[in-house]
Amino acid sequence: METKTDKQLELDKRYLRMAAIWAENSYCKRRQVGALVVKDQMIISDGYNGTPSGFENVCEDEHNITKPYVLHAEANAITKVAASSNSSKGATIYVTSAPCIECAKLIIQSGIVRVVYSEKYRTEEGIDLLRRAHIEVDFIDINE
């Protein structure tokens with residue numbers, strides 16, 4: 001018999017795979033990251049890392065360093081919700097990479113209550129901050 005947790009895990013993996021596909025829209029060469037904001041089993045926003053609207057779609061400079069104005073996937077997804085009539089209060093964000101500390105701050109302020117990610121980030125600062133804010137954080141390897 002399938003339990004609720006088995007069903008939720010399958011749903012989480014499905015949304016993470018969708019976020020990974022969405023990441024393919026990124027023009028960034030060093031790393032492509034995707035994010036989906038889900039509320040009541042509906043995708044209410046999406047995002048991937050890239051330059052702000054109206055900028056050229058080049059994320060790295062001539063030394064392969066990410067330009068300082070490149071937006072992270074989470075920031076793009078959260079600001080897209082803010083510009084819509086939806087609310088991220090009580091939502092889950094699925095992101096292909098663990099949030100950095102800057103994105104963690106945005107997640108906390110946006111009212112998102114759960115973060116699900118599938119790749120570790122070079123530091124755990126963002127994850128630590130999310131947990132300190134009592135946000136549920138789940139790492140799921142979509143290849144398992």
Side-chain angles (χ1 to χ4, degrees), residues 2-61 65-144:
E2 191 175 53
T3 66
K4 187 176 186 330
T5 54
D6 289 339
K7 194 171 184 181
Q8 185 61 54
L9 180 62
E10 284 312 305
L11 204 55
D12 289 344
K13 285 183 176 182
R14 196 169 298 132
Y15 283 127
L16 284 169
R17 288 193 303 269
M18 290 170 72
I21 290 168
W22 200 243
E24 294 173 14
N25 287 317
S26 173
Y27 286 89
C28 296
K29 304 230 184 317
R30 290 181 59 222
R31 185 170 209 192
Q32 294 179 311
V33 180
L36 296 177
V37 179
V38 177
K39 186 174 179 179
D40 301 325
Q41 294 190 356
M42 274 189 338
I43 298 168
I44 61 167
S45 189
D46 54 60
Y48 52 86
N49 57 325
T51 56
S53 298
F55 281 64
E56 74 290 346
N57 288 319
V58 179
C59 298
E60 296 85 10
D61 65 18
I65 305 289
T66 300
K67 293 178 179 179
Y69 53 83
V70 168
L71 289 155
H72 288 189
E74 304 94 315
N76 266 326
I78 290 167
T79 54
K80 200 183 271 189
V81 172
S84 77
S85 59
N86 280 319
S87 167
S88 52
K89 200 166 201 62
T92 296
I93 189 165
Y94 292 89
V95 63
T96 56
S97 180
C100 69
I101 195 155
E102 293 302 317
C103 288
K105 291 190 274 187
L106 290 174
I107 290 166
I108 293 164
Q109 291 299 97
S110 72
I112 289 171
V113 296
R114 183 170 180 242
V115 176
V116 182
Y117 68 102
S118 57
E119 292 172 15
K120 306 259 189 217
Y121 187 63
R122 58 184 159 84
T123 72
E124 291 275 315
E125 288 177 322
I127 298 299
D128 293 343
L129 187 64
L130 290 167
R131 287 193 174 122
R132 187 171 160 199
H134 307 292
I135 290 173
E136 184 183 341
V137 180
D138 293 312
F139 168 77
I140 296 174
D141 186 343
I142 57 174
N143 300 313
E144 284 186 355

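Quick note: residue numbers are just sequence positions, from 1. Just so you know, these numbers use all the heavy atoms, side chains as well, and skip hydrogens, waters and symmetry mates.
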If you count the non-hydrogen atoms of other residues, nucleotides and ligands that lie under 6.0 Å from [atom1] in [X], is the total more than 12?
{"X": "Glu56", "atom1": "CD", "value": "yes"}
{"X": "Tyr27", "atom1": "OH", "value": "no"}
{"X": "Gln109", "atom1": "CD", "value": "no"}

To the nearest 0.5 Å, how far apart are [atom1] in [X] and [atom2] in [Y]?
{"X": "Ser118", "Y": "Arg17", "atom1": "OG", "atom2": "CZ", "value": "11.0 Å"}
{"X": "Asp138", "Y": "Ile127", "atom1": "CG", "atom2": "CD1", "value": "10.0 Å"}
{"X": "Arg14", "Y": "Ile142", "atom1": "CZ", "atom2": "CD1", "value": "12.5 Å"}
{"X": "Ile107", "Y": "Ile93", "atom1": "CD1", "atom2": "CD1", "value": "5.0 Å"}
{"X": "Ile140", "Y": "Leu9", "atom1": "CD1", "atom2": "CG", "value": "5.0 Å"}

Hey, are the side chains of [X] and [Y] touching, using non-hydrogen atoms and a 4.5 Å cut-off?
{"X": "Lys67", "Y": "Val58", "result": "yes"}
{"X": "Ile112", "Y": "Ile78", "result": "yes"}
{"X": "Ser45", "Y": "Leu36", "result": "no"}
{"X": "Thr92", "Y": "Tyr15", "result": "no"}
{"X": "Thr96", "Y": "Gln32", "result": "no"}
{"X": "Cys28", "Y": "Glu60", "result": "yes"}
{"X": "Ser110", "Y": "Val81", "result": "no"}
{"X": "His72", "Y": "Ser97", "result": "no"}

Measure across [X] and [Y] and return the closest heavy-atom pair with its distance rounded to 0.1 Å.
{"X": "Cys103", "Y": "Glu74", "answer": "SG-OE1, 3.6 Å"}
{"X": "Val70", "Y": "Cys59", "answer": "CG2-O, 3.5 Å"}
{"X": "Leu11", "Y": "Gln41", "answer": "CD2-NE2, 3.7 Å"}
{"X": "Glu119", "Y": "Phe139", "answer": "N-CE1, 3.9 Å"}
{"X": "Leu106", "Y": "Ala75", "answer": "CD1-CB, 3.7 Å"}
{"X": "Gly47", "Y": "Ala77", "answer": "N-CB, 3.8 Å"}

Side chains of Tyr94 and Asp12: do they bring a donor and an acceptor to under 3.5 Å? yes
Which class fits the ring pair Tyr48 and Trp22: parallel under 30°, tilted 30 to 60°, perpendicular over 60°? perpendicular
Okay, side chain of Lys39, backbone of Lys89: is any donor-acceptor separation there less than 3.5 Å? yes
Would you call Glu102-Lys105 a salt bridge at under 4.0 Å N-O? yes
Where do Lys80 and Val37 land on the side-chain contact (heavy atoms from CB on, under 4.5 Å) test, with the steps shown first? CA-CA 10 Å; Lys80 200 183 271 189; Val37 179; over 6 Å; no
The residue among Asn76, Asn57, Thr51, Asn49 that forms side chain to side chain donor-acceptor pair (under 3.5 Å) with Ser26 is Asn49
